[in-house]
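Structure record follows, encoded as structure tokens.
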There are 2 protein chains.
Amino acid sequence: MTIASRKQKEREDMRSLILDAARKIFLEKGYYDTSMRNIAEEIQYSAGTIYLYFKDKDEIFHALHEEGFRRMLEKMQPLGHVSSPFERLKALGRVYLEFAFENKDFYDLMFIMQAPIKHEADHEDWKMGHRTLDFLKTILSECKIEGYFKGKNVEYLSFAIWSGVHGMAALYCRDRCKAYHDIDPKDLIEHGYKYFVNMLEKL
Amino acid sequence: MTIASRKQKEREDMRSLILDAARKIFLEKGYYDTSMRNIAEEIQYSAGTIYLYFKDKDEIFHALHEEGFRRMLEKMQPLGHVSSPFERLKALGRVYLEFAFENKDFYDLMFIMQAPIKHEADHEDWKMGHRTLDFLKTILSECKIEGYFKGKNVEYLSFAIWSGVHGMAALYCRDRCKAYHDIDPKDLIEHGYKYFVNMLEKL
DNA sequence: TTGTTTTACTGAACACCGTTCATTATTTTT
DNA sequence: AAAAATAATGAACGGTGTTCAGTAAAACAA
């Protein structure tokens, strides 16, 4: 009993240890330039050991994927306190972009990186992602009740809005903001989002 | 003379041969899952030979990058015939998304893939990219002359608009449209863009 | 306490990768 | 025909993800 539970705790600790190291190196060097040996070295174990705790490199990726969504949802919790749905929507976009800006590599992992997608483990995997998207859709429905977005379909509208903020985040994460030589990416996103909100207000 | 020029032609033919094979396999398996040996096998040469024509894998990537922009600009040429600037803007967005949809992997290569960026060869490399962005900015300026987008800065506005369409394209390319289980990505993009245009019209 | 089983870990091995380079075969120049 | 230049090869280097026989330590049974 005591020993079995200790064993289980040790197992979980080891998984955490690996995950922490993996996150550190993934976010430092990116998915493909991080090797299992790199991760193993970081925690002073042999590479083979990692395979006792994770099926493969991909499973580590997906564990971090989930952690990213947990963090994002956490950052969104306070939005419940914004009473007006439309204000909540505007704040959501700002929080989303803030998250992307402050957690560039997590964001990349969650929304841009090519998840190798091996066994359609999507169902479990995207639970958190759906929670986030539902958050947006719910707000949009509430906005509609208040008279916003008349005649617009919530599904399509959520996609358009998600795309709007994701586009900025993605261009930022993958260094395409450089196309605007001398403008600070932060300014681009700030002003870009301002205009985007202008558009939403009038829709 | 005759022989020197023939040699040069042979060199260019060989580069084309490699590039064609590389494009085929890149776009089939993605950048990281394509090996130099794969490309070599496709054209029935040894892997070493490729290095006589391209410095490294990265240089092949960048050559394709450029080709992508050439193709995109070509697809945009007919837009010159659309007389109204705002109509031209709407058509530009549509053409952009069409390009992304029909050339998923080229689009990925051009706007999403992490270009390893080795020697700041950006300057030469992004010439085509800037041409494309300038195309958008010019149209926006013309729209302003006609009274659209009053008080809006062309730089920031272009970023917001680019982000809007890029967002949809990027979510599509990296399979995040799956978050909408049963809706066809094509529908998402079509309706999403429709709403986006609605917003632009009112801005 | 001893012997046995289970668990945790290692490190060598496999088949791949990008890249380099000495060697060979071919073509051009002298 | 001999020499020089060019083109192509394939072995080699140090890396990759992953597997697995072997070993050492811990848990259990007697």
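Just so it is clear: chains get the letters A, B, ... in the order the sequence lines come, proteins before strands, and each one is counted from 1.
- The side chain of B:Asp56 lies closest to C:dT19 when the candidates are D:dT18, C:dT27, C:dT19.
- Considering only residues two or more places apart in sequence or on other chains, A:Tyr51 meets the ring pair (Phe, Tyr, Trp, His ring centres under 6.0 Å) condition with none of them.
- The distance from atom CG of B:Leu17 to atom P of D:dA7 is 15 Å, rounded to the nearest whole Å.
- Separating the OH atom of B:Tyr51 from the P atom of C:dT19 is a distance of 4 Å, rounded to the nearest angstrom.
- Regarding contacts with the backbone of D:dG15, every side-chain N or O of A:Asn38 stays at 4.0 angstrom or more from both OP1 and OP2.
- Spacing between atom CD of A:Glu12 and atom P of C:dA8 amounts to 13 Å, rounded to whole angstrom units.
- Straight-line distance from the CD atom of B:Gln44 to the C1' atom of D:dA7: 17 Å, rounded to whole Å.
- Between A:Tyr45 atom OH and C:dT10 atom P the separation is 7 Å, expressed in whole Å.
- Distance, B:Leu52 CG to C:dT23 C1': 14 Å, rounded to whole Å.
- At the heavy-atom level, A:Tyr53 lies under 4.0 Å from the strands shown only through sugar-phosphate atoms.
- Using the six-membered ring where Trp is involved, A:Tyr180 and B:Phe159 have ring planes that are perpendicular, over 60° apart on the 30 and 60° scheme.
- With a 6.0 Å cutoff to the six-membered ring centre and a 45° limit on the axis angle, B:Lys57 counts as a cation-pi contact of B:Tyr31.
- Counting any heavy atom pair closer than 4.0 Å across all strands shown, A:Ser46 reaches a base atom.
- Using a cutoff of 4.0 Å between basic side-chain nitrogens and carboxylate oxygens, B:Arg15 and B:Glu10 are not scored as salt-bridged.
- Per the geometry, CZ belonging to B:Arg6 stands 13 Å off P belonging to D:dT6, to the nearest Å.
- Residue B:Glu10 contributes atom CD, which lies 11 Å from atom C1' of D:dT6 at whole-angstrom precision.
- In this structure, the nucleotide among C:dG18, C:dT7, D:dG17 sitting nearest to the side chain of B:Ser35 is C:dG18.
- Annotation: cation-pi pair A:Lys194/B:Tyr156 absent, no NZ/CZ under 6.0 Å from the ring centroid and within 45° of its normal.
- Residue-to-nucleotide proximity on DNA chain C shows that, of A:Thr49 and A:Arg37, the 5′-proximal contact is made by A:Thr49.
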